[in-house]
Structures are given as structure tokens and as C-alpha cells.
Engineer: 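Mind looking over this structure? Questions follow.
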Number of protein chains: 2
Amino acid sequence: MDLRITGGFAPPGHNHRRCIVDAMDRAAQVCAARGARLTPQRRRVLELIWSSHKPVGAYGLIEQLSESGQQVAPPTVYRALDFLLANGLVHRIERLNAFVGCPEVEQDHAPQFLICGDCGDVAELREQSVEAAIAAGARSAGFVGWRASVEVVGVCPECAGGISP
Amino acid sequence: MDLRITGGFAPPGHNHRRCIVDAMDRAAQVCAARGARLTPQRRRVLELIWSSHKPVGAYGLIEQLSESGQQVAPPTVYRALDFLLANGLVHRIERLNAFVGCPEVEQDHAPQFLICGDCGDVAELREQSVEAAIAAGARSAGFVGWRASVEVVGVCPECAGGISP
DNA sequence: TCCAATACGTTATAGTATAACAAATAGTGT
DNA sequence: ACACTATTTGTTATACTATAACGTATTGGA
């Protein structure tokens, strides 16, 4: 059993090592199932992305890799990111030009992201009602074949608690 | 009376000159009302943004300005954009790093954008149900003080009609 | 084992955005 | 009209994000 963080923020004192381990397990499973090659390079990038619940940019990854002795150029990490995105293992936060791990890799989805403007943590939400409302709006405008990205910037419970407990 | 395009895409043969004129009128009104200075520079940038319903990037604006004889450096146009954004005269499309004119400048709002992946046109939607659904999701996650951006990529009625009429 | 596909390395460059400081201009009160 | 102050604009340099183009290596299968 794994403790996936979907539907809200990771609790303050949660065992994040579990997040990482579970994420890597799921990634291995999914890739094996579909014959996608989770190479050491890609695995390493995924691990770095999962090192926190904060989105990380491509050049942040390059720096982290460099610090751990692996000198890579931008195309290398962008290619790893392309693979991870294509396989639904990470999501891209458009407004941040950054990437977060996906806690629900089994099926393709377009979640809502809650981005804490204070601590930077991101939570992934899947509100059916949001998708339904967007679908209704799109249909009324005659829009077809669409895919939506929803990014919500605010303050997470933890940070809000700190301000007015 | 003006024909604001909110709630859907601009119809194929619409009189776009009216879009521009109306947008500039509204901008002048709003700025006058709140004592914001719509300088020639800012006015020019707003006109260029309204020259179509397609988002335009900062460097696209610089190029257009340069073509019309005005040589400006990036900070100039970014400052104009900051002003226009702050006063709700334009919106930023995060996933495109580009800007579109806002057809509803009177009050602050966070609309949904329908982006045609074919022709590039963008429509601004304000579905109350979308905002409500996001609000519900955010509340359930303990998220506070938020603001959402919704960007939907698909095919507009016009382009879809061309494919299967 | 050889072939073809896939992944990775490398260099250069395109595209987006801002920092920092100087100069000019507009609005305010006298 | 005058000086004062705030705002706007100009200028240079630079940071950050992303991809093109080409070559090499590795992998998996016929």
C-alpha cells in the first residue's frame, strides 16, 4: 500500500521518503507495463523532481545533477523531461516553467494544481466537477477536442495556519 | 453600443476594426476613471495586442513596433505590458508566454481561455460554474486566498467546421 | 551478428524576462 | 511661472528557458 498525495497537500510531517520510493515504484511498473525504457538518466531526473513537492525547473535539475557529479547539457535533461511527461510521470506547471511529480500515473489525466505562493508546494487535485464545468463551457462555445490546464495560486493550509492559527 | 466578444470566439467575418476601437475606448474610460496614465506608448502596445484575437509575445510586439519605426528595448514593452496587466486591459496566456486583449475590463476577473491550437485565436469565457467548482476544490484542500488560471487548448468552431462541415 | 531504432552527448543558438541605473516627462503645490 | 517630486521611459547588460542540428553510443530484435 502506498500513501498517494492526491486531493490535497502533503501533511507537514509526512514521511517524504515514502513519497519518493512509491513514486519510483509506480514509474517502474508503468514503464515496464508499456515497454517504455526508464533509463538511469530518466530515473535520476524523476528522483530529483520527487525530492520535494515543489516544482523544479529544467536548469534547477541541471544544477542538481551537476552537484552530484553528473555534468549534463540542457538537451539531455529536456529529453528526460519529455519522456517523463509523455508517460505521465510528471506534470508541467505552465506558469512556473517547472515540473512536479505525478502521484497518479496509471491513467492520463488533466488535473488541477494548487500552488502555494508562500512555500511553493504544489498539490494535485482531480475535481470531477471542474472538468464537467469546463466541458460545458467549451461545448457552449463550440470548442472541440480540448484539454484543459488549471493552475490555482494561493496559500496552502500549512502556511495559512502559520499566519493566523 | 459595442459588440464585446466574451463567451465565445469572434465570428469569422466580424468587423474587427470595431473590436479595436471599442477596446481602446474602454481602456481610455477605465484609465481615466482610476487616474491611470494611458500614455502613447502603452496605447500603442494595446493597439498592437488588439490587432487580432491571437496572443502576441513581448518580442513580437517589439518587432511590430520596430516595423512601424519605433525602436524599443525589451524593458519598455515589458513595462507597458505590466501596466496593461495591472489595469486588467490585457491577460497573459501562461502556456504561450503571450498576451491577449481583455474584452471585459470593468472589473477584475479570472476567466477561462479557449485557445485554438489550429488558428491560434483565443476566446475568453466566464463560466460561473467553473469558478464555483474550483472554489469547492480549493476549499476542500484548505487552500485560501487563491486565484485560478484556466487554459483550454482545442479547436475552435471555425477551424473544426473546416475539417468536418 | 548485423540491423534498425532508440537514447545520449555536444555545440550553438533561439526565445523570454529582468536588474540596475540614467534621462526625461508629467503632475502638484506654491 | 517655478521648483519639487513622482512617474515614465531609455539603455545596457545579463539571467533564465528551450530547442535545432548533428554525431555517437547503446539497446533490442530479426
Side-chain angles (χ1 to χ4, degrees), chain A residues 27-28 31-49 54-87 89-100 120 149 151, chain B residues 27-28 31-49 54-87 89-100 120 149 151:
Chain A
C31 288
R34 60 177 75 149
R37 284 149 64 174
L38 187 61
T39 64
Q41 190 97 251
R42 293 162 172 175
R43 183 188 304 275
R44 185 84 191 95
V45 169
L46 184 57
E47 280 171 359
L48 289 174
I49 289 174
K54 306 184 200 308
V56 54
Y59 282 75
L61 291 167
I62 291 172
E63 190 180 340
Q64 287 186 260
L65 286 167
S66 148
E67 280 167 4
S68 64
Q70 189 171 5
Q71 205 77 14
V72 299
T76 298
V77 69
Y78 276 103
R79 283 192 284 233
L81 287 169
D82 285 344
F83 171 88
L84 297 172
L85 285 167
N87 286 280
L89 301 174
V90 304
H91 294 293
R92 177 185 170 88
I93 309 295
E94 297 294 343
R95 72 168 47 235
L96 300 178
N97 298 321
F99 307 84
V100 285
S149 59
E151 298 177 356
Chain B
C31 287
R34 60 178 74 151
R37 285 151 62 175
L38 187 60
T39 64
Q41 190 97 250
R42 291 161 174 174
R43 183 187 304 275
R44 185 85 190 94
V45 169
L46 184 57
E47 279 171 0
L48 289 175
I49 289 174
K54 305 186 200 309
V56 54
Y59 281 75
L61 291 167
I62 291 173
E63 190 179 340
Q64 287 186 259
L65 286 167
S66 149
E67 281 167 4
S68 64
Q70 189 173 5
Q71 205 77 14
V72 299
T76 298
V77 69
Y78 276 104
R79 283 191 285 233
L81 287 169
D82 285 345
F83 172 88
L84 297 172
L85 285 167
N87 286 280
L89 302 175
V90 304
H91 294 294
R92 178 187 169 85
I93 309 294
E94 297 294 343
R95 74 169 46 236
L96 300 179
N97 299 321
F99 305 84
V100 285
S149 59
E151 298 177 356

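Per chain, numbering begins at 1; letters A, B, ... match sequence-line order. Only heavy atoms go into these numbers, but all of them, side chains included; no hydrogens, no water, no symmetry mates.
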Engineer: Between C:dA17, D:dT9, C:dT18, which one does the side chain of B:P75 approach most closely?
Structural biologist: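 Among the listed nucleotides, the one closest to the side chain of B:P75 is C:dT18.
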Engineer: Give, for atom CG of A:L46 and atom CG of A:L61, the distance between the pair rounded to the nearest 0.5 Å.
Structural biologist: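 Answer rounded to 0.5 Å: 10.0 Å.
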Engineer: With a 4.5 Å limit on heavy-atom distance, are the side chains of B:R37 and B:R42 in contact?
Structural biologist: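 B:R37 vs B:R42: side chains touch.
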Engineer: Indicate, with a heavy-atom threshold strictly under 4.0 Å, whether B:R79 touches base, sugar-phosphate, or nothing.
Structural biologist: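 If one applies the 4.0 Å heavy-atom cut-off, B:R79 turns out to touch a base.
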Engineer: Once you round it to whole Å, what is the distance between P of D:dT9 and CD of B:Q70?
Structural biologist: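 Checked: the CD to P distance equals 10 Å.
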Engineer: Counting side-chain heavy atoms from C-beta on, which of D:dT9, C:dT10, C:dC8 comes nearest to A:A73?
Structural biologist: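 Looking only at side-chain atoms, A:A73 lies closest to C:dT10.
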Engineer: Could you state the atom-to-atom distance from OH of B:Y78 to P of D:dT12 in whole Å?
Structural biologist: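 Distance check: B:Y78 OH to D:dT12 P gives 19 Å.
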Engineer: Looking only at side-chain N and O atoms, does B:Q71 come under 4.0 Å of OP1 or OP2 in D:dG10?
Structural biologist: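 Answer is no, no contact under 4.0 Å.
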Engineer: Rounded to the nearest 0.5 Å, what separates atom CD1 in A:I49 from atom CG in A:L89?
Structural biologist: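 So the gap between those two atoms works out to 9.5 Å.
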Engineer: Under 4.0 angstrom, heavy atoms only, what part of the nucleic acid is B:T76 near: base, sugar-phosphate, or nothing?
Structural biologist: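 Base contact - B:T76 has a heavy atom under 4.0 Å of at least one base atom.
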Engineer: Tell me what A:R37 touches on the nucleic acid: a base, only sugar-phosphate, or nothing, going by heavy atoms under 4.0 Å.
Structural biologist: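 Sugar-phosphate, backbone atoms only, no base.
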Engineer: Answer whether the closest heavy-atom distance between the side chains of B:V45 and B:L84 falls below 4.5 Å.
Structural biologist: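 A side-chain contact exists here, since the closest heavy-atom pair is under 4.5 Å.
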Engineer: With a 4.5 Å cut-off on side-chain heavy atoms, are A:Q41 and A:V72 touching?
Structural biologist: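 Answer yes - side chains close enough.
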Engineer: The side chain of A:T39 lies closest to which of these nucleotides: C:dA7, D:dT9, D:dA18?
Structural biologist: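 It is C:dA7.
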Engineer: For B:R43 and D:dT8, give me the distance from atom CZ to atom P, rounded to whole Å.
Structural biologist: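 B:R43 atom CZ is separated from D:dT8 atom P by 15 Å.
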Engineer: Would you kindly give the CZ-to-C1' distance between A:R92 and D:dT17, to the nearest whole Å?
Structural biologist: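 It is 8 Å, rounded to the nearest whole Å.
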Engineer: Report yes if a donor N or O on one partner sits less than 3.5 Å from an acceptor N or O on the other, where the partners are the side chain of A:Y59 and the base of D:dA18; otherwise report no.
Structural biologist: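 Present.
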Engineer: Send over the distance from B:N87 CG to D:dT8 C1', rounded to a whole Å.
Structural biologist: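 Distance check: B:N87 CG to D:dT8 C1' gives 14 Å.
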Engineer: Quick one: on DNA chain C, does A:V72 or B:F99 contact a more 5' nucleotide (nearest heavy atom)?
Structural biologist: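 It is A:V72, whose closest nucleotide lies nearer the 5' terminus.
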Engineer: Specify the separation, in whole Å, of atom CG of A:N97 and atom P of C:dT18.
Structural biologist: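 Spelled out: CG on A:N97 to P on C:dT18 is 11 Å.
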Engineer: Could you check how far CG of A:L81 sits from C1' of D:dT19, rounded to whole Å?
Structural biologist: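 Result: 13 Å.
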Engineer: Grab the CD1-P distance between A:I62 and C:dG9 for me, whole Å please.
Structural biologist: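 Atom CD1 in A:I62 sits about 12 Å away from atom P in C:dG9.
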